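One structure is given here, and the rest of the page talks about it.
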Amino acid sequence: MKLSETGLSEQGLKDIVKRYMIETYERYDFIAERADGMYLYDPQGNAYLDFYGGIAVNNAGNCNPKVVAAIRDQAGDIMHTFNYPYTIPQALLAKRTCEISGFDKIFFQNSGTEANEAAIKLARKYGIDHFGPHRFEILSALNSFHGRTFGSLAATGQPGSLAQDGFGAMTPGFAYAEFNNLDDFSARVTENTVAIMIEPVQGEGGVNPATPEFIEGLRALCDEKGLLLILDEVQTGWGRTGTIFAWQGYGVEPDIFTMAKGFGGGVPIGAMVTTDAIAESLTMGTHGSTFGGSPLCTAAALAEVEEIVEGDLAGNAAEVGAYLIERGNSLPHIKESRGRGLLVGFEFDGSVDATDVKHAALDRGLLVTAIGSSIIRCIPPLIVTKKLVDQAISILTDAVNSVAASSD
Ligand SMILES: *Cc1c(COP(=O)(O)O)cnc(C)c1O
């Protein structure tokens, strides 16, 4: 839908949002009317270079033509029918995802938080089935982010944060340990613990990659104590960190992993993947979702997955991501440039506010996200080139300098 078709002015549209929507997002001051590849466009046709990819979602590029065609075709065939009949794209996507990951079974959901709910429910059911009613506690990392529904929210290790504070008691059965601290995780395992759940790279928590020793150590700890290792790959999955799934890059296999963001090329879809043996705990009637695995969303995801695999977008993420991290070190006031693949964070030294830098970048035609007051996160579509990285770094340099000058 185009603004010109509505008869509204830009301000008129913004006024409607202000009047009618519950606003929990700090809005960027522009209207995204159209997107294509690496760019978003406002109603006047101004282009914005996309280094946030709809929050690590549009991996094969905005409005990837194959994904758009798949959605158009499927929308005319069948969009939705619940999960009683067999549907074609759902079956094919299940097969493809299991083949690519080497895992056995998938359960479809609609989002990252729901994919994690499925993982949490499966782990709890598995623990109680195999070890007794006490065994359902999940140990996750401080500073993690697993979603905003009550199970995933409780797994999110951010006590006292805006996400948790004021919502009453969190779901019981969760404990936290320090990320990248194997001793702390080890010390907090009890006879009630059934699983350890982490992000391979903490995304919302500030772009903190797990060290190889940490992930390998968690795998060994889980093997020793009979625990399940759950990896939340909602943000890291589907090529983002330089391999299709981040665990492949670490060479450590989880027991359960989840995906969402980059899976559907822009449509809402999530999934939980596991082995045959563990999947046995989710028997008939124990879990479900009206929309999960809909023909429309699975058709889109099937096209997106093929684009990621055939285009070796994971390989591009590894190469261009390393370049982006290296170039980030040249930014003014940079403290640390870090990440894995195209999940990259630039931490500043405290002399500039990241939110101000984000807005200054937007004014100059570059979309990035800010985490807290010191980190700028870059999560572009995985089709990004080194040339576009040079452009983004040049815009960011200018943005940082202008923020620094005005805060002097
Ligand atoms: C975004 C995110 C989620 C939540 O996904 P939603 O689709 O917003 O529910 C969960 N885990 C991680 C690691 C994420 O980055």
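Order of appearance sets the numbers: ligands from 1, and atoms from 1 within every ligand. These figures come from a predicted structure and were not determined experimentally.
- Closest to atom 5 (O) of ligand 1, if we only count protein heavy atoms, is G112 CA, 3.3 Å.
- Between W238 and F245, the angle of the ring planes goes over 60°, which puts this pair in the perpendicular group of the 30/60° scheme.
- Remark: aromatic rings of F185 and F214 are close, center separation under 6.0 Å.
- In terms of polar-atom proximity, V234 is not counted as a contact of ligand 1, lacking any N or O under 3.5 Å from an N or O of the ligand.
- Under the 4.0 Å distance rule, the nearest protein heavy atom to atom 8 (O) of ligand 1 falls outside the cut-off.
- Comment: E310 does not engage K66 in a salt bridge, judged by the lack of any side-chain N to carboxylate O separation of less than 4.0 angstrom.
- Shown in contact with S111 at under 4.0 Å from a heavy atom are these atoms of ligand 1, numbered in order with element: 7 (O), 9 (O).
- For ligand 1 and K261, the ligand atoms under 4.0 Å from any heavy atom of the residue are 1 (C), 2 (C), 3 (C), 14 (C), 15 (O).
- Atoms of ligand 1 found under 4.0 Å from any heavy atom of N116 (numbered from 1 in listed order, with element): 10 (C), 11 (N).
- Short contacts between ligand 1 and Q235, defined as distances under 4.0 Å to a heavy atom of the residue, involve ligand atoms 15 (O).
- For ligand 1, the atoms lying closer than 4.0 Å to a non-hydrogen atom of E199 are 13 (C).
- The shortest N or O to N or O distance between T113 and ligand 1 is below 3.5 Å.
- In terms of polar-atom proximity, G147 is not counted as a contact of ligand 1, lacking any N or O under 3.5 Å from an N or O of the ligand.
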Stepwise side-chain hydrogen bond (donor to acceptor under 3.5 Å, both in side chains) test for T149 and T113: CA-CA 6 Å; T149 53; T113 197; 2.8 Å; yes
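- Screening L396, D390, T397 against R327 for a side-chain contact (heavy atoms from CB on, under 4.5 Å) leaves a single residue, D390.
- By the neighbour-count criterion of 12 heavy atoms within 6.0 Å, atom CD1 of I16 is densely surrounded, having more than that number from other residues, nucleotides or ligands.
- The protein heavy-atom contact nearest to atom 11 (N) of ligand 1 is D232 OD2, 2.7 Å.
- Residues D184 and R188 are paired through a salt bridge, judged by an N-O separation under 4.0 Å between the basic side chain and the carboxylate.
- For the pair D255 and R219, the salt-bridge criterion is met [side-chain N within less than 4.0 Å of a carboxylate O].
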